[in-house]
Protein chains: 2
Amino acid sequence: MTARPPPDTRAGPGLGPNDRAVLAVLADAKGPLGAYEVLDQVRHHGLKAPPQVYRALHRLIGLGLAHRIESLNAFVACAHGRHSDAVRADRAMFVICDRCGAAVELDATPAAAAAESAATAKGFRVGRVIVEMKGLCAGCTAEAPGPG
Amino acid sequence: MTARPPPDTRAGPGLGPNDRAVLAVLADAKGPLGAYEVLDQVRHHGLKAPPQVYRALHRLIGLGLAHRIESLNAFVACAHGRHSDAVRADRAMFVICDRCGAAVELDATPAAAAAESAATAKGFRVGRVIVEMKGLCAGCTAEAPGPG
DNA sequence: GAGCTGTCTGTTATCTTATAACATATCTCT
DNA sequence: AGAGATATGTTATAAGATAACAGACAGCTC
Ligand SMILES: [Zn+2]
Ligand SMILES: [Zn+2]
Ligand SMILES: [Zn+2]
Ligand SMILES: [Zn+2]
């Protein structure tokens, strides 16, 4: 236990090489990636097996550097670089385009507050709030058929 | 193999026997069930393979009789029996107890409206809105350690 | 009745997603 | 060096979901 004197040879804050390889892949990606897609992209870094990727993903998520999109079973780098206490990781929400697959991270605080108030009225103590929307992004809305 | 339940006892509108067997299992369950847990419960109805269960689940969800909980990869019967245009199935939200597994269905309309307004401000056209909360139910909050 | 069509169903095989379990390496402090 | 913690590598398997094809059945046309 004690403290965590950070080894100064590390570029990231307590991130191991696997973590940084996975984060780099997510940050480069144009959209959410499945864990096995990440794995394909980090093979040239020496990673070979799913647990290595999942462990890195879990750490990154815990640090507020990446997010899991539940409705896609996929992962993205945080759009803000990282989350802090001020910008809570568990108050991020995503809008996902069904057509091009783009995922945009937005602040869920107002929606989460509304959801949380309904939940606390039922006696629940709320931890993580998941808000995800499926639809069409601006670009795809212009190209796709629609009402009107 | 040979025993076929006679279809004249149909209660549901356009539901096949598989659909009703799956729905009955979900309705009886005390919490969300994975598709393979459902399968175990409907084997005595003659269902044997995953596609039969998944097909029934997809139909039930399409009819507003059941919901998928994305963060659990699990399914529940709709708490209202069914959804209509007035009570939209894509505006249901769930609160899930991390300790006892209970899932409570609530109306997501206020939260969804807040989320949707943030999305439309970015040019998105929103379809389905997913809101799920993880935390502790009233009963488990009383038993679990907490701040204060 | 024969033939077509569409829906629902049964069955096999396979694919995708995720973790358990165990072994090995590294680092830190004593 | 030795003990304890953290990070990694590796194998195997669990859990979730679908593709693809085959058979059954109702409704319709001729
Ligand atoms: Zn973020
Ligand atoms: Zn798009
Ligand atoms: Zn419902
Ligand atoms: Zn509980």
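Naming: A, B, ... by sequence-line order, numbering from 1 per chain. Computation of the quantities below employed the complete heavy-atom set of this structure, encompassing side-chain atoms and omitting hydrogens, waters and symmetry-equivalent molecules.
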inquiry  = Please determine whether a side-chain nitrogen or oxygen atom of B:Arg59 lies at a distance below 4.0 Å from atom OP1 or OP2 of C:dT9.
reply    = yes

query = Among pairs that include at least one residue of residues 101-120 of chain A, which meet salt bridge (Lys or Arg N to Asp or Glu O under 4.0 Å), considering only residues two or more places apart or in two chains?
reply = A:Arg91-A:Glu116

task = Between protein and nucleotides 12-19 of chain C, map the contacts as a letter string: B base, S sugar-phosphate only, - none, heavy atoms under 4.0 Å, written 5' to 3'.
result = B----BBB

message = Once ring pair (Phe, Tyr, Trp, His ring centres under 6.0 Å) is applied, what residue pairs with a partner in residues 65-87 of chain A remain, sequence neighbours excluded?
response = A:His67-A:His83, A:His67-A:Phe94, A:His80-A:His83

query = Quick one: is B:Gln52 getting a side-chain N or O under 4.0 Å of the C:dT9 phosphate, OP1 or OP2?
reply = no

request  = State, to 0.1 Å, how close B:Ala35 and B:Val53 come at their nearest heavy-atom pair, and which atoms those are.
outcome  = O-CG1, 3.7 Å

note = Taken to the nearest whole Å, CG/A:Asn18 to P/D:dT6 is 17 Å

ask   = Between B:His45 (NE2) and C:dG10 (P), how many Å, whole number?
value = 13 Å

message = Once salt bridge (Lys or Arg N to Asp or Glu O under 4.0 Å) is applied, what residue pairs with a partner in residues 66-81 of chain A remain, sequence neighbours excluded?
response = A:Arg68-A:Glu70, A:Glu70-A:Arg128

ask   = CG of A:Leu15 versus C1' of D:dT8: gap in Å, rounded?
value = 15 Å

key: Rounded interatomic separation in angstrom, taking CG from A:Leu47 and C1' from D:dT10   = 12 Å

request  = Any chance you could encode DNA chain D as dot-bracket? Rule is Watson-Crick or G-U wobble with both distances under 3.5 Å; [ ] for pairs crossing earlier ones, | for another strand.
outcome  = ||||||||||||||||||||||||||||||

request  = Please write out which residues are connected to B:Val95 in a hydrophobic cluster, directly or through intermediates, given that two of Ile, Leu, Val, Met, Phe, Trp, Tyr count as joined at side-chain heavy-atom separations below 4.5 angstrom.
outcome  = A:Met93, A:Val95, A:Val104, A:Leu106, A:Phe124, A:Val126, A:Val129, A:Val131, A:Met133, B:Met93, B:Val104, B:Leu106, B:Phe124, B:Val126, B:Val129, B:Val131, B:Met133

request  = Take A:Arg88 and A:Asp85, measure what salt bridge (charged side-chain N to carboxylate O under 4.0 Å, His left out) needs, and give me the verdict at the end.
outcome  = CA-CA 5 Å; A:Arg88 294 174 57 182; A:Asp85 289 341; over 6 Å; no

query = Under the side-chain contact (heavy atoms from CB on, under 4.5 Å) criterion, do B:Leu136 and B:Cys97 qualify, and how do the steps go?
reply = CA-CA 5 Å; B:Leu136 292 176; B:Cys97 180; 4.2 Å; yes

Minimum heavy-atom distance between B:Ala89 and B:Gly64, given as atom pair plus value = CB-CA, 4.2 Å

request  = Return the value, rounded to whole Å, for the distance between atom CZ of B:Arg55 and atom C1' of D:dA20.
outcome  = 11 Å

